[in-house]
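Just so it is clear, the model here is predicted, and its values are computed rather than measured.
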Amino acid sequence: VPEWVQKWDPPAEGKADLVLFSTHGDDEQLFFAGMLPYYGRELGCNVQVVYMPGHRDMSMRRSHERLDGLWAAGVRNYPVFGPFGDYNSGSKEEAYQTYRNKNIGKEDILAFVVENVRRFRPKVAVGHDLYGEYGHGMHMIYAELLCEASEISMDPDAFPESAEQYGVWDIPKTYLHLYWENRIRMDWDIPLKSFDGMTAYEVTRNLGFPCHVSQQPFYSYYFAGMDAASDITENSPCEFGLYRSTVGEDFEKKD
């Protein structure tokens, strides 16, 4: 088989070190720039990405772009493509209403998040900004529901079907992008041995995000003129906050 053929490992069933709940394909390369190559390749962690929409209601092209981008960034566990449609929305309320119009309730999406928490049993879960980064309602609800899932995923009476299938799980640490409490700052500008000296940010900017060809006209501005992750001030990919912990607070505040 040629080297360029992607040979994926199965999803990290029951053994994920980190699960990234990325709403869309390309969010994982934008607002979480640096995270995947650093943890997935440089540190060799079991990294699992769980997308909310499958994008198949729009174009299969975006599904392939996601796979290409993850592969370029060093992820080898096959991602989860959620069953939900992708709809533009400018608020959390608008996003929920759009789904209600499609006969999809908040509980349906929450069940999906809880199921994947239980399925992968992550040591660390990471989600979006509660304000949706640039104000996208789908980012908002995915972040909100990760918070709710972190509070109930250990309860066997909450969504008992997935509890019976996977068991329950209490996430040790849950982080949100740009969260204002218990803040930590990641350094994605350190050279990585696993990428021949490229920084984690450079891997994402130069290798991962370019795979999302369909999204270049809309979001390439995020990296424009930014030679380092630390140069990005609006929706910085370096800024996170510890939303919930069962194992104490962070002390070094950089990991």
Side-chain angles (χ1 to χ4, degrees), residues 1-22 25-51 64-80 120-127 172-173 175 177-178 183-213 216 219-220 222-233 235-242 247 250-255:
V1 177
E3 285 298 319
W4 55 265
V5 175
Q6 297 171 7
K7 294 169 284 223
W8 289 89
D9 294 330
E13 306 281 352
K15 58 180 181 180
D17 295 307
L18 184 150
V19 172
L20 173 58
F21 288 88
S22 175
D26 73 354
D27 291 334
E28 79 284 14
Q29 308 285 352
L30 293 166
F31 310 114
F32 306 99
M35 181 177 295
L36 299 181
Y38 179 72
Y39 285 108
R41 177 72 70 83
E42 185 75 357
L43 298 189
C45 296
N46 251 331
V47 173
Q48 181 67 46
V49 179
V50 178
Y51 295 105
H64 288 287
E65 288 177 349
R66 283 188 286 187
L67 292 175
D68 291 344
L70 291 177
W71 189 268
V75 174
R76 294 297 180 263
N77 293 316
Y78 198 81
V80 172
F120 296 113
R121 307 173 77 83
K123 297 180 178 69
V124 172
V126 183
K173 283 189 173 182
Y175 292 90
H177 184 219
L178 304 179
R183 302 186 71 172
I184 70 170
R185 181 173 178 82
M186 300 300 301
D187 185 357
W188 305 131
D189 296 322
I190 298 174
L192 306 181
K193 294 180 180 178
S194 57
F195 283 94
D196 298 322
M198 295 178 69
T199 68
Y201 169 75
E202 289 171 339
V203 172
T204 303
R205 183 192 63 184
N206 300 345
L207 302 180
F209 182 65
C211 294
H212 293 267
V213 178
Q216 296 296 315
Y219 300 110
S220 58
Y222 186 74
F223 297 115
M226 304 297 178
D227 294 327
S230 57
D231 293 336
I232 302 175
T233 56
N235 297 318
S236 167
C238 303
E239 301 292 341
F240 294 87
L242 180 61
V247 292
D250 291 317
F251 292 97
E252 295 190 8
K253 300 185 182 298
K254 61 179 182 179
D255 187 8

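Scanning both residues, Phe120 and Ala12, for their nearest heavy atoms gives CD2-O, 3.2 Å. What you find for Leu30 and Tyr222 is that their closest heavy atoms are O-CE2, 3.1 Å. Across all non-hydrogen atoms, the minimal contact from Ala200 to Tyr38 is CB-CB, 4.2 Å. Taking both residues in full, the closest heavy atoms of Ser22 and Val49 are given as CB-CG1, 4.3 Å, listed atom of the first, atom of the second, then distance. Summarising the geometry of Ser220 relative to Phe209, their closest heavy-atom pair is CA-CE2, 3.9 Å, with the distance given to 0.1 Å. Closest heavy-atom contact between Glu42 and Ser194: OE1-OG, 2.6 Å.
Within the 3.5 Å criterion, the main-chain N or O of Ser236 finds a donor-acceptor partner in the side chain of His177. In this structure, the side chain of Arg205 engages the main chain of Met226 through a donor-acceptor pair within 3.5 Å. Checked by atom type and distance alone, the side chain of Gln48 never pairs as donor or acceptor with a backbone atom of Val19 at under 3.5 Å. Judged by distance alone, the side chain of Glu28 and the main-chain N or O of Val50 form no donor-acceptor pair under 3.5 Å. Listed for the Arg76 side chain is a donor-acceptor partner under 3.5 Å among the backbone atoms of Trp71. Looking only at distances, a side-chain donor or acceptor of Gln29 sits under 3.5 Å from a matching main-chain atom of Gly69. Between the side chain of Asp17 and the backbone N or O of Asn46 there is at least one donor-acceptor pair closer than 3.5 Å.
Checked against the 6.0 Å centroid criterion, the rings of Trp8 and Tyr78 qualify as a close aromatic pair.
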Checking side-chain contact (heavy atoms from CB on, under 4.5 Å) for the pair Leu36/Leu70: CA distance, chi angles, key distance, verdict? CA-CA 8 Å; Leu36 299 181; Leu70 291 177; 3.6 Å; yes

Show your reasoning for whether side-chain contact (heavy atoms from CB on, under 4.5 Å) applies to Arg41 and Leu192. CA-CA 9 Å; Arg41 177 72 70 83; Leu192 306 181; over 6 Å; no

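Counting only N and O atoms by type, the side chains of Tyr175 and Asp250 include a donor and acceptor under 3.5 Å apart. A donor atom on one side chain and an acceptor atom on the other are found under 3.5 Å apart for Asp255 and Tyr39.
Here the straight-line distance linking atom OG1 of Thr204 with atom CD of Glu202 works out to 10.0 Å at 0.5 Å rounding. Note that CG of Asp227 and OG1 of Thr199 are 10.0 Å apart. Values are rounded to the nearest 0.5 Å. Rounding to the nearest 0.5 Å places CZ of Arg183 at 11.5 Å from CZ of Phe240. The CG atom of Asp231 sits 12.5 Å away from atom CZ of Phe223, with the distance rounded to the nearest 0.5 Å. Distance check: Tyr201 OH to Ile190 CD1 gives 16.0 Å after rounding to the nearest 0.5 Å. Distance CG/Asn77 to NZ/Lys15: 7.0 Å, rounded to 0.5 Å.
For Lys193, the NZ atom is loosely surrounded, since the number of other residues' heavy atoms within 6.0 Å does not exceed 12. Heavy atoms of other residues, nucleotides or ligands lying less than 6.0 angstrom from NZ of Lys253 number more than 12.
In this structure the side chain of Ile184 never reaches within 4.5 angstrom of the side chain of Leu242, judged on heavy atoms. Phe32 places none of its side-chain heavy atoms less than 4.5 Å from the side chain of Trp188.
Residues satisfying the side chain to side chain donor-acceptor pair (under 3.5 Å) test with Ser230, not counting sequence neighbours, are Asp189. Leu178 pairs by the side chain to side chain contact (heavy atoms under 4.5 Å, CB included) definition with Asp129, Asn235, Glu239, not counting sequence neighbours.
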